[in-house]
Every structure is written in C-alpha cells, then in structure tokens.
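The model shown is predicted, which means the values in this text are computed figures rather than measured ones.
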Amino acid sequence: MTIATSNHAEDLSLQRASINTRPGAEYSTDLCVWQGIPGIERTENGRFDPPTPVRAFDPVLWCDPQGVLWWFWSQSYGVFDGRAGVWAVRCVDSSALMLTWSEPRRLFHGVMMNKPTVLRNGIWLGCGAVWSHEHSGFDAREDMRWLRFSNVYASEDQGASWNLQGQADVPNRQFDEHMIVERGDGSLWMLVRTYTGIGEAVSLDGGKTWTAPNKNILDGPCSRFFVRRLRSGRLLLINHYRFQGRNNLTAALSDDDGKSWYGNLLLDERSEVSYPDGIETPEGVSYVVYDRERTRSKEILLASFTEADVEAGKPVSDRCRLKQLINRGVPAESFAEGQARRSSACRKIRL
C-alpha cells in the first residue's frame with residue numbers, strides 16, 4: 001500500500017517511533033493516568049509478553065504461523081487526527097532473554113484493535129478502521145472518508161505487504177474493533193462492535209465483498225469482545241453476559257460456527273471490566289487478559305480456563321484461575337500525587 005506524506009505537522013504521526021526496550025522512571029506504573037486495552041500472546045517456547053504530540057496507542061500482540069512475534073499499534077497526531085495508522089515491529093527470536101525488534105513499519109491507515117486472522121489458504125487478514133463518530137470528535141478527515149468502514153487488509157506474503165481487500169458497512173457500528181472467523185464452509189464471518197452489542201457481516205469471496213444485516217447478533221454494552229477458533233474446532237467468545245454496563249465478562253463456546261453459544265463461564269462479575277484479549281496453549285488452556293476501572297483502580301487482570309470449565313459454566317479443572325491481578329496503577333484518589341511525581345521525574349531526566 002502506498003502512503004502519501006506531506007510537511008503538515010500532523011504528518012509527524014507518519015514517522016517511525018523509537019522503540020524503547022528499557023523504559024525509565026518516567027514510565028512507571030505509579031505515574032499512569034489511564035490504564036487499559038491490554039494484549040496477550042504466547043510464544044512457541046511458552047513465554048508470555050506483558051502488555052509528544054504523536055500518540056501511540058491500542059497495542060496488539062500476535063504470534064504468526066512461523067512463530068514470529070508481532071507487536072502492532074496505532075499512531076495519531078493527538079488523540080485522533082482523522083486518519084491514524086497501524087504500525088508494526090517483528091521479533092524473530094521471541095525466546096531470547098532480551099527481545100530484538102525490527103524497525104517500525106507503517107502497514108495501513110486506521111486503527112487495528114485485534115489480532116489478524118490466518119485463512120486456510122495462507123492469506124493473512126488484518127482489520128482496520130478509520131473512525132467516524134462526529135458527535136464524539138473522532139471523525140475521519142475529508143480525504144479519509146472512503147475508509148470509514150470496517151476495513152479488511154490482506155497479506156499474501158506473510159506480512160511483507162498489506163492491501164485493502166474489502167469493506168463492510170455494519171449498521172450502528174462504533175469504533176468497529178472487528179474480528180474475522182473463517183467458517184467451516186469457507187465463508188468469512190466478521191463480528192463488529194455496535195452501539196447496542198455485536199453486529200455481523202459475511203463474505204463469500206475471501207473478504208472482497210460483505211453483506212451486513214440490519215440487526216445485532218448479540219446484545220452488549222458497546223465494548224470490545226474477543227472471538228477465536230480453538231484447537232478443538234469450537235469457537236470461544238468473551239463478551240458481557242446478562243450485563244448492565246461493562247460487567248459480567250463471560251466465556252462461551254459454540255459448536256456450530258457461532259449460530260448458538262453455551263457454557264457461560266463468568267470470568268468477572270464486577271463493573272468496568274472490559275476489552276478482553278486471549279490466547280490458547282497447545283494443552284488447551286485459554287488465557288484472557290482484560291482491564292478494570294481504567295481511571296480508578298487501573299487494574300489489568302488475567303483469567304485462565306479450559307473448555308471443560310466453560311462447558312460446565314463453573315471452574316471444574318485445576319487450570320481455572322479467575323480475577324488474577326497482573327498490574328495495578330495508582331488509585332484515582334492519588335492522581336494529584338502521581339502528577340507531582342511525573343513532573344519531578346521528567347525534570348530529573350531533562351537534567
């Protein structure tokens with residue numbers, strides 16, 4: 001994909017970011033004002049990686065079929081400049097003590113919130129969106145309006161290049177945050193975040209054209225979900241079940257490519273739990289990371305479970321662990337103190 005550049009100030013977001021693998025005190029968790037949208041991945045040797053005017057945001061970790069660890073993120077001039085862009089670095093030897101990353105590379109316009117999908121024919125599909133929500137201030141600029149959809153980018157060379165494959169126009173979508181599943185019949189099933197839950201689109205030609213009914217397939221509180229095909233062939237969905245807001249984060253299974261769901265293992269019943277991301281180990285254990293109270297408790301948590309736990313709707317295996325705290329920022333009541341520490345740390349760095 002060819003990406004035009006110019007000398008406008010906001011085009012600073014088109015420049016490569018420097019990769020800091022040894023962040024200092026100015027990046028301390030104690031200084032976080034906001035913490036959320038975590039990602040998780042597992043390398044082949046069993047290793048887990050924790051999660052200016054130009055903003056780098058919404059990270060995604062993904063191990064490709066060759067075992068290469070990818071770290072995707074989006075860049076924008078300010079909070080959202082009407083274009084943004086998905087960037088990536090690669091780590092070939094993810095088992096090394098100190099990870100070595102490639103130079104950052106810009107892949108396509110927009111924001112990508114979820115892991116790519118690898119089709120049976122070897123093609124990789126990445127989901128990107130240029131947001132269009134005028135009322136919230138997140139709106140595509142004029143020359144990006146042709147990308148105000150749930151966009152699908154395809155790579156036929158293992159991520160070396162990405163090209164726009166197709167676009168889905170799902171009614172009432174918000175921030176898209178779409179994911180794709182390849183069904184048993186070869187069709188592609190796209191799930192998309194909407195104002196009132198999860199919408200869908202279907203493609204019968206490898207993602208070039210999409211049809212989207214004017215209805216939700218699942219209710220929800222307008223938040224990111226997670227869907228993945230497990231090694232058993234079942235689909236795993238992490239979503240809010242019997243919710244009143246972003247609560248009751250629940251795991252469910254499907255044996256029929258998403259036509260019906262069952263099990264409903266409650267991962268976290270509390271309020272303000274959201275944005276799950278997950279992986280499955282070769283032993284069939286799923287690990288799901290998510291956030292809680294982004295501006296107050298600022299917690300990142302982890303759940304682990306097997307299909308048997310989800311089927312039973314309760315913990316039945318010795319691998320089931322729920323609400324495991326990974327990281328916590330300074331509570332909101334200490335915000336002023338945190339700002340003072342941040343200011344002091346920055347002054348020391350400049351000296």
Atom CD of E156 with >12 non-hydrogen neighbours under 6.0 angstrom: no

Tell me whether D277 is salt-bridged to K115, with the criterion being a basic N under 4.0 Å from an acidic carboxylate O. yes

A cation-pi test, strictly: NZ or CZ of R321 under 6.0 Å from the centre of the six-membered ring of Y287 and no more than 45 degrees from its axis. Yes or no? no

Run the numbers on V152 and I180 for side chain to side chain contact (heavy atoms under 4.5 Å, CB included), then give the verdict. CA-CA 9 Å; V152 179; I180 294 174; 3.8 Å; yes

Are L266 and F243 linked, directly or through other ILVMFWY residues, by side chains that come within less than 4.5 angstrom of each other? no

Got a second to check how far W124's CH2 is from D64's CG, nearest 0.5 Å? 4.0 Å

Quick one: do R292 and E272 make a salt bridge, cutoff under 4.0 Å? no

First locate atom NE2 of H178, then atom CG of N151, and finally report the distance between them rounded to the nearest 0.5 Å. 6.0 Å

Salt-bridge test for R173 and D176: reply yes if a basic N is under 4.0 Å from a carboxylate O, no otherwise. yes

Take the angle between the ring planes of W162 and W70 and call it parallel below 30°, perpendicular above 60°, tilted in between. perpendicular

Full working for side-chain hydrogen bond (donor to acceptor under 3.5 Å, both in side chains) between D58 and S74: CA-CA 6 Å; D58 291 352; S74 297; 5.5 Å; no

Tell me, which pairs form a salt bridge (charged side-chain N to carboxylate O under 4.0 Å, His left out) where one or both residues lie in residues 232-253, sequence neighbours left out? R234-D255, R234-E307, R234-E311

Taking only Lys NZ, Arg NE, NH1 and NH2, and the carboxylate oxygens of Asp or Glu, determine whether R183 and D185 approach each other closer than 4.0 Å. no

So CH2 of W189 and CD1 of I217: to nearest 0.5 Å the spacing works out to 4.0 Å

Applying side-chain contact (heavy atoms from CB on, under 4.5 Å) to N264 and not counting sequence neighbours gives Y241, T250, A252

How are the rings of F57 and W131 set to each other: parallel, tilted or perpendicular (split at 30° and 60°)? tilted

Dump the intermediate steps for side chain to side chain contact (heavy atoms under 4.5 Å, CB included) on L249 and I238, then the final yes or no. CA-CA 7 Å; L249 196 63; I238 311 298; 4.0 Å; yes

Report yes if the distance between the aromatic ring centroids of F108 and Y153 is under 6.0 Å, otherwise no. yes

Would you call K298 and E293 a salt bridge, using N to O less than 4.0 angstrom? no

Audit row: W73, Q75, side chain to side chain contact (heavy atoms under 4.5 Å, CB included) steps and yes/no: CA-CA 7 Å; W73 72 92; Q75 280 185 203; 3.1 Å; yes

Applying side-chain hydrogen bond (donor to acceptor under 3.5 Å, both in side chains) to N248 and E269, what does each step give before you reach the verdict? CA-CA 4 Å; N248 290 333; E269 78 287 352; over 6 Å; no

Residue list, side-chain contact (heavy atoms from CB on, under 4.5 Å) with P53, at least two apart or on another chain: Y77

Trace of the side-chain hydrogen bond (donor to acceptor under 3.5 Å, both in side chains) decision for N247 with S271: CA-CA 4 Å; N247 53 33; S271 62; over 6 Å; no

D257 and K259 ion-paired at < 4.0 Å: no

Taking atom CZ of R319 as the centre, report whether more than 12 heavy atoms of other residues, nucleotides or ligands fall under 6.0 Å from it. no

Is atom CH2 of W71 surrounded by more than 12 heavy atoms (other residues, nucleotides or ligands) closer than 6.0 Å? no

Taking it one step at a time, do K314 and V316 satisfy side chain to side chain contact (heavy atoms under 4.5 Å, CB included)? CA-CA 6 Å; K314 61 182 180 181; V316 295; 4.1 Å; yes

